[in-house]
Amino acid sequence: MTQPHTVIIGLEVHVQLLTRTKLFCRCSTKFGAAPNTQTCPVCIGMPGTLPVMNREAFQLGLKTALALNCQIASHTKWDRKQYYYPDLPKGYQISQYDLPFSHDGYLEISDPKGRFETKRVGIIRAHLEEDAGKSMHDELAGQADSRIDLNRAGTPLLEIVSQPDMRSPLEAKAYLSEMKLLLTYLGVSDCNMQEGSLRVDANINLHVDTPQGKVATPIVEVKNMNSFRAVERAMEYEAARQYEVWQETHQRLGDVPKQTRGWDDVANITRGQRHKEESSDYRYFPDPDLVPVRVSQAEIDASRNSLGELPADLRHRLERTYAIKPYDSDVIVSAGRALVDYYVELAELCGDGKLASNWVQQDVMRTLNEQKIEVEKFPLSPRQLCELLKAIQDGQINTSRAREVFIEMVALGRSAAEVMTARGIEKVDESELVALCKELIDANPKIVADIRSGKQQAAGNLIGQAKKKNPNVNPGRLREIVIDLVGKM
Amino acid sequence: MSLLRQRATDLLALLHSGQITSVELTRAFLNQIKLHDPRVKAFLRVDHERALARAADIDKRRREGKSVGRLAGLPVAIKDLLCTEGETTTCGSRMLEYFKPPYDATVIAKLKAADAVLIGKTNMDEFAMGGSTENSAFQKTANPWDLSRIPGGSSGGAAACVAAGMAPLSVGSDTGGSIRQPAGLCGVTGLKPTYGRVSRFGLVAFASSLDQIGPLARTAEDTALLLEVLAGHDPLDSTSIDMPVPNYSQTVKQPLANLRLGLVREHFGEGLDGEVETAVREAVKVYEALGATIKWVSLEHGKFGVATYYIIAPCEASSNLARYDGVHYGHRTDEKKMIAALAAERQSLESAGRRAEADALDNPLVRMYRQSRAEGFGAEVKRRIMLGTYALSAGYYDAYYLKALKVRRLIRMDYDAAFDEVDLIAGPVTTTTAFKLGEKVDDPLSMYLVDLYTVSANLAGIGGIAFPCGFSSAGLPIGLQLQGPPFAEERLLQAAHMFQQATDWHLRFPEMVSNP
Amino acid sequence: MSLTREQVEKVSLLARLKLTSDELDLMTAQMGQIVAYVETLAQLDTEAVEPMAHALDVSNVFAEDRLRPSLDRKAALANAPHSDGEFYLVPAVLGE
Ligand SMILES: [Mg+2]
Ligand SMILES: [Zn+2]
């Protein structure tokens, strides 16, 4: 029989900060340069060289930590994390150990589809550190040399460690999406996973309900997940695997040393990674080449004031101001700041947030996707689009025809008015409609009889005829008039 | 008088007045090197051609009345741990035997800008670890006063070349006494500046929080002249202080009125050689005669200096030397041999049925690291890397490193208290005069204790100067050490100059500096 | 406390030094002697003392985020014991 159990997930995210130069030298951080063309004596770790902290990197880190609601340490220092690897030229990574510059924050996550309760995922700490270089291994010729490129060595990273607060792979994915959205809004990182500017490691285990109460299973660290989807799948796989292991072994947390497994995106499984126990003795100690950083309240306030409106607040504002649903605000905010601005302007102009939201999400966003362009390049300004929505609002045109008009406006860059007159679309006034109905009623006694006997759908036939006579008639209104006239007979 | 015996300041005057050319001067020193360095072995590399070419260029610019630098035409010797662009910089180690840095250390750039003539790189203990220069991977330097004795270390070559008249000015580094101790043992003047006064950028690191570059020369005036060029803030060194550089070469001449000189009780305990103690006490009398008032102070934690130092320095060294892994530069073991040896080991273990041990063997990369480092480093360097690695390893940090950092604070506090009462502290540089080559090589601990009087200044980060104050019956120099509060280099130099105005110990030369 | 040969051997792996059997014996003896000496610090009460990691009290030293020229690859790799002119080369990294 299967026991009820909870999945416990904590995530460690490394994001590359958007600086021009590296954390401790002034080499470029640009991605994709030819191997070993963006290095200098400092980032090669040559004898006699010394690190000097990049001010911008620290500022971007501070901004992010504040956006994650972290406490900022008034005094922080830099430590050496020591291990040997060919892409780590100094034999140590400059990082932060016991005094990270920020700690104890949170990130709120929610699911617009309501699949989990909105919750705050705790942030244990966020600290700055330098990246290592790249080692390339020739898979085929197993024994061939490994190749080392130090272009990336020394690139500024922000390591963000969450509390084990996530309870499902879905929550883990939501946390990452919200994190990425936040970082993008802040402009502190491009979060490009393919280029390695956002990397995720996960710690996962289970809390199993047993007759003796909750039991925690051994924690496993999962690496090499190169997309949010991969994280979700890896967590699903691990949860299942760990439950099987539990049933076989009943191993509890602490019974075995922490295991590291790698995600195989092709085979859709995680594999154990072997590593010597000595490798975990990092011999941290304060880096004597770098001085501490003291952050004043004034600097913190200045940084906080530079944050701007963050995704969560933005969603709430859209929901409050324009009466749209969380699902809609999420779609719009997730599409980026520029689209939000477009939506807000449109909603203000046409005075109907719901209508604006529908058109932005369906027609505008569809067009952007089809044409693969940013909203800045979208041919219709909110004002131009609003013209069309107004026509809908005062019954000049129905939605399906408005769509045709929209497509033509985009294609020809014409205004709504131009397209509508070109298509002879204009409002038919009431007296004309009534006259038309009377004419049709007289001409179709049989249908009228049907209507009177209660078959209201028969009116459809009359409306069809009416449309042939004048394509601009508003079908809804026409039906009302017909029913009304027939009723009075 | 022979050019070799003249003070750098006088030589500079002769150059300016055109009485001598830099080429003549450089030739004279290069010739002295040619004659005597085969026995003294102060230099690892002497740069005849480039030195003479540089001298000629400076002479030319002088003749044409073009502006020339602060040291224009003066030969300067460089300890081989300062990076010189495109020129071999070995740090006295096999590991860096063929290493050519693609950049100049900040002090080298300053010397070049000052139009100094860099004549060569001087010998040193490997990675500056040692007090006798016997730990050099390449050669043992002799003390010019007695070739059977050590010159001190780690800047042994830097001190010996000045004593032997092979260079008027010399640049060394001091992590636990490496400038002051050899200066004392070779009878020259050497200054260890306050931590942060001179940029460390391009100084191959031994113990980053203790290392400091400094000048060695014949006199306090010459030392001041060189320090004036070396000192100053460097944006490339986060630990260099942004503070204006005093005009040392001028202020050095101003005598100190009513100087308060402190003597440290703990310095005159057992272990201090009788002749050394006498010379030091005589030197103190000289200061009294010059109007100084003497006061006894206590540095009660001084006796823990060596223990503290031999935790902090190896810990930092084990980390600083981790970069020497044979991957990006430096020595790498013969890979084919290494792989073969590894296979053979596996073979024999497996055939002996010792499977577990066979599986536990290093992978090729780890073995490449271990073998390269085993071949590239000497015994003392290995010893300190091992000590530091052990002291920082899991479970020992608090007991060793953290404890040492706290005692380091106590040592600094002792000094702060003492300097409330006195302007400078005077005492011996070492317990004895220069010992025999090989005398202590098998006893690392006794070698460490040589630093007894010097390490505390590095731990506290303060400045100190050593200069001759007498000679032993065996004719060996005896040094006096002055220590001052942070950034009191002017005061140290002034006090040393006062003494040298009243005495002539600093004008004595070993017989190889003949006076034709 | 004195060090055992096994401890010293473990440290030699951590320090990436290959020591011969004789070197291990000598190292064990000498390290034991030195460690015993430095442990004299234990007798000091440092409970209330703030550790001193830096010799001077400086903080907030930064460099501006301005690009400076890197080394050209030839110069960067010039000191490499083994390179193909593009990359540094090392024996295949196992256990990946
Ligand atoms: Mg990290
Ligand atoms: Zn660089």
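Reminder, nothing fancy here: chain letters follow the sequence lines and each chain counts from 1. All values below come from the heavy atoms of this structure, side chains included, with hydrogens, waters and symmetry mates left out.
- Only the side chain of C:Gln30 comes within contact range of chain B, judged by heavy atoms closer than 4.5 Å.
- The side-chain heavy atoms of C:Glu39 and B:Tyr400, taken from C-beta on, include a pair separated by under 4.5 Å.
- Taking the side chain as every heavy atom from C-beta outward, B:Arg332 and C:His82 approach each other to under 4.5 Å.
- Contacts between C:Leu71 and chain B at a heavy-atom distance below 4.5 Å involve the side chain alone, from C-beta outward.
- In this structure, B:Asp362 and C:Leu13 have side chains that are in contact, with non-hydrogen atoms separated by less than 4.5 Å.
- Within the 4.5 angstrom heavy-atom criterion, only backbone atoms of C:Leu89 (N, CA, C, O) approach chain B.
- The main-chain N or O of B:Gly330 is never found under 3.5 Å from a side-chain atom of C:Asn79 such that the two would form a donor-acceptor pair.
- In this structure, the portion of C:Ala42 lying under 4.5 Å from any heavy atom of chain B is its backbone and not its side chain.
- Side-chain atoms of B:Leu365 and C:Val90, non-hydrogen and from C-beta on, do get closer than 4.5 Å to each other.
- In this structure, the portion of C:Val61 lying under 4.5 Å from any heavy atom of chain B is its side chain and not its backbone.
- Residue B:Leu96 does not touch chain C at all, counting heavy-atom pairs closer than 4.5 Å.
- Two residues are said to be in side-chain contact when any heavy atoms from C-beta on lie closer than 4.5 Å; C:Met27 and B:Arg383 meet this criterion.
- Heavy-atom distances place no part of C:Ala63 under 4.5 Å from chain B, backbone and side chain included.
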Task: Derivation and outcome, side-chain hydrogen bond (donor to acceptor under 3.5 Å, both in side chains), residues B:Arg370 and C:Ser12 - done: CA-CA 8 Å; B:Arg370 299 183 74 182; C:Ser12 77; 3.0 Å; yes

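- Interface remark: B:Asp443 contributes side-chain atoms only to the contact with chain C (heavy atom separation under 4.5 Å).
- By the 4.5 Å heavy-atom criterion applied to side chains, B:Leu387 and C:Val35 are counted as neighbours.
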